[in-house]
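Accompanying notes for the structure given below.
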Amino acid sequence: MAATKRKRRGGLAVQAKKPKRNEKDAAPPAKRHTNAEEVEEEERDRIPGPVCKGKWKNKERILIFSSRGINFRTRHLMQDLRMLMPHSKADTKMDRKDKLFVINEVCEMKNCNKCIYFEAKKKQDLYMWLSNSPHGPSAKFLVQNIHTLAELKMTGNCLKGSRPLLSFDPAFDELPHYALLKELFIQIFSTPRYHPKSQPFVDHVFTFTILDNRIWFRNFQIIEEDAALVEIGPRFVLNLIKIFQGSFGGPTLYENPHYQSPNMHRRVIRSITAAKYREKQQVKDVQKLRKKEPKTLLPHDPTADVFVTPAEEKPIEIRWVKPEPKVDLKARKKRIYKRQRKMKQRMDSGKKK
């Protein structure tokens with residue numbers, strides 16, 4: 001008798017479904033053995049994939065956004081960084097009147113623990129904030145010599161979302177403030193392992209080089225054949241201003257003594273050009289004064305006329321008759337040709353009549 005199944009509310013008994021018979025179980029044992037051998041051969045020939053099934057543990061998330069008033073180059077640089085960093089998030093532009101402490105709340109709302117904030121001033125100066133939100137530390141940089149991916153058109157290329165290598169100058173380990181910046185760069189620019197949006201490949205390298213008291217950022221492709229480097233872009237230079245203990249503020253841990261503000265730099269350039277203009281005006285005034293001064297008469301030197309030989313005096317002739325005019329041959333030829341043309345025209349008009 002078939003098994004029956006009762007309903008909860010006291011209905012009629014429903015016949016239970018029979019379990020489906022698997023095709024593999026129904027197949028004879030000889031065929032099953034051959035299928036297993038074929039699967040083993042396929043697994044031997046198949047190349048294992050590069051993806052390693054691991055767990056995403058490093059939950060670093062970077063918020064990349066800017067203030068209002070940035071130019072097109074800054075916007076393209078921001079988009080390039082978002083494309084190179086798959087663990088980044090975007091947000092709308094922040095009003096310049098708002099205080100920087102508001103960014104910590106924005107990071108908390110976006111579930112981000114690191115932040116890259118671009119601050120534009122006077123529509124020509126760009127500042128970059130790197131911060132560990134919400135406890136700090138944070139660093140403020142002046143960004144110079146920006147070249148974006150679309151502008152450079154380099155020959156290098158890399159896979160979108162791949163994890164980069166980070167290469168640091170040996171000078172980062174010599175001074176404590178550079179060591180702090182190195183740790184901040186590692187936590188921000190390194191893509192976490194097994195991130196859902198990342199690719200399990202390493203085909204490019206971020207280089208941070210210290211030269212002329214500035215940090216130079218470059219992005220290179222690693223060529224597989226000979227491990228040579230080809231630049232991809234973008235590239236920019238970071239001029240350190242200050243390092244703060246808190247996030248976007250707090251006590252100052254380090255202040256760069258070599259930093260010169262853009263306003264001061266422009267003021268120095270204007271003063272140099274003004275000094276050049278003043279020098280030219282002074283030279284002109286001196287020349288005018290020299291011209292107005294009376295010339296000093298030197299006494300006559302008797303030996304100055306030793307080698308002077310007097311020329312022969314020619315008699316003066318006075319012409320009482322007007323000289324004949326010169327004959328202009330060109331004008332005479334023109335007159336003759338004109339006369340001949342008129343004669344031809346008369347002849348032709350007479351023939352027509």
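- Residues Leu130 and Ile188 meet the side-chain proximity criterion, which asks for heavy atoms closer than 4.5 Å.
- Put simply, the side chain of Asn256 reaches to within 4.5 Å of the side chain of Asn239, judged on heavy atoms.
- You'll find the side chain of Lys89 stays beyond 4.5 Å of the side chain of Ile64, heavy atoms only.
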**Message:** Run Asn111 and Arg61 through side-chain contact (heavy atoms from CB on, under 4.5 Å) and show every step you take.
**Reply:** CA-CA 7 Å; Asn111 196 17; Arg61 295 181 182 88; 3.6 Å; yes

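- A distance-only check finds no donor-acceptor pair linking the side chain of Asp95 to the backbone of Asp98 [under 3.5 Å].
- Judged by distance alone, with hydrogens and angles left aside, the side-chain atoms of Asn213 form no donor-acceptor pair with the main-chain N or O of His258 at under 3.5 Å.
- In this structure, Asp203 CG and Cys158 SG are separated by 5.5 Å, a value rounded to the nearest 0.5 Å.
- Other residues, nucleotides and ligands place more than 12 heavy atoms under 6.0 Å from the CD atom of Gln260.
- The shortest heavy-atom contact between Gly233 and Leu149 is O-CD2, 3.4 Å.
- Sequence neighbours left out, not one pair with a member in residues 320-340 passes side chain to side chain donor-acceptor pair (under 3.5 Å).
- Looking at Phe220 and His204, their side chains never come closer than 4.5 Å, going by heavy atoms from C-beta outward.
- Rounding to the nearest 0.5 Å gives a distance of 7.5 Å between NZ of Lys114 and CG of Leu184.
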**Request:** Apply the test ring-ring contact (aromatic ring centres under 6.0 Å, His included) to residues Phe217 and Phe189: give CA-CA distance (whole Å), side-chain angles for both, the deciding distance (0.1 Å), then the verdict.
**Result:** CA-CA 11 Å; Phe217 176 87; Phe189 287 95; 5.8 Å; yes

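- Here the side chain of Ser133 pairs no donor or acceptor atom with the backbone of Cys107 at under 3.5 angstrom.
- The pair Asp212-Arg214 meets the salt-bridge criterion, since a charged nitrogen lies less than 4.0 angstrom from a carboxylate oxygen.
- No single ILVMFWY cluster, assembled from side-chain heavy atoms under 4.5 Å apart, contains both Val205 and Ile232.
- For Ala171, the side chain to side chain contact (heavy atoms under 4.5 Å, CB included) partners are Asp169, Glu174, Ile210, not counting sequence neighbours.
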Side-chain donor-acceptor contacts of residues 117-125 below 3.5 Å, not counting sequence neighbours, with atom names and distances?
| from | atom 1 | to | atom 2 | distance (Å) |
| --- | --- | --- | --- | --- |
| Glu119 | OE1 | Trp129 | NE1 | 3.0 |
| Lys122 | NZ | Asn263 | OD1 | 2.9 |
| Asp125 | OD1 | Arg266 | NH1 | 3.2 |
| Asp125 | OD2 | Arg266 | NH2 | 3.1 |

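- Using a 4.5 Å heavy-atom cutoff, the side chains of Val106 and Leu63 are in contact.
- Geometric assessment of Lys55 against the ring of Tyr194 yields a negative cation-pi assignment under the 6.0 Å and 45° thresholds.
- Considering only residues two or more places apart in sequence or on other chains, Thr191 meets the side chain to side chain contact (heavy atoms under 4.5 Å, CB included) condition with Pro86, His87, Arg163, Pro164, Ser198.
- Heavy atoms of other residues, nucleotides or ligands lying less than 6.0 angstrom from CD of Glu224 number 12 at most.
- For His265, the NE2 atom sits in a loose shell: 12 or fewer heavy atoms of surrounding residues, nucleotides or ligands are nearer than 6.0 Å.
- Connection of Leu229 to Phe206 is not established within any shared hydrophobic cluster, with ILVMFWY side chains joined at heavy-atom distances below 4.5 Å, either directly or through further cluster members.
- Between the side chains of His135 and Ser247, no donor-acceptor pair is found at a separation under 3.5 Å.
- By the 4.5 Å heavy-atom criterion applied to side chains, Gln245 and Pro137 are not counted as neighbours.
- Pairing each heavy atom of Lys59 with each of Trp56, the nearest pair is CE-O, 3.0 Å.
- Side chains of Phe185 and Leu238 form a contact here, defined as non-hydrogen atoms less than 4.5 Å apart.
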**Request:** For side-chain contact (heavy atoms from CB on, under 4.5 Å), just list the numbers for Leu81 and Met83, CA-CA rounded to whole Å, side-chain angles, deciding distance to a tenth of an Å, and then say yes or no.
**Result:** CA-CA 5 Å; Leu81 289 177; Met83 188 168 59; over 6 Å; no

**Request:** Mind running side-chain contact (heavy atoms from CB on, under 4.5 Å) on Val283 and Glu279 for me, showing each step along the way?
**Result:** CA-CA 6 Å; Val283 170; Glu279 286 180 6; 5.6 Å; no

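- When atom types are taken as modelled, the side chain of Thr74 and the backbone of Ile70 share no donor-acceptor pair closer than 3.5 angstrom.
- In this structure a side-chain-to-backbone donor-acceptor pair under 3.5 Å is present from Trp216 to Leu211.
- Connection of Leu159 to Val230 is not established within any shared hydrophobic cluster, with ILVMFWY side chains joined at heavy-atom distances below 4.5 Å, either directly or through further cluster members.
- There is a path of hydrophobic side-chain contacts, each under 4.5 Å, that joins Val143 to Leu181.
- Residues passing the side chain to side chain contact (heavy atoms under 4.5 Å, CB included) test with Glu151, sequence neighbours excluded: Arg73, His147, Thr148.
- With contacts defined as side-chain heavy-atom distances shorter than 4.5 Å, the pair Arg218/Phe208 does not qualify.
- A chain of hydrophobic side-chain contacts below 4.5 Å, direct or via other Ile, Leu, Val, Met, Phe, Trp or Tyr residues, connects Ile116 to Ile243.
- Residues passing the ring pair (Phe, Tyr, Trp, His ring centres under 6.0 Å) test with Tyr178, sequence neighbours excluded: Phe172.
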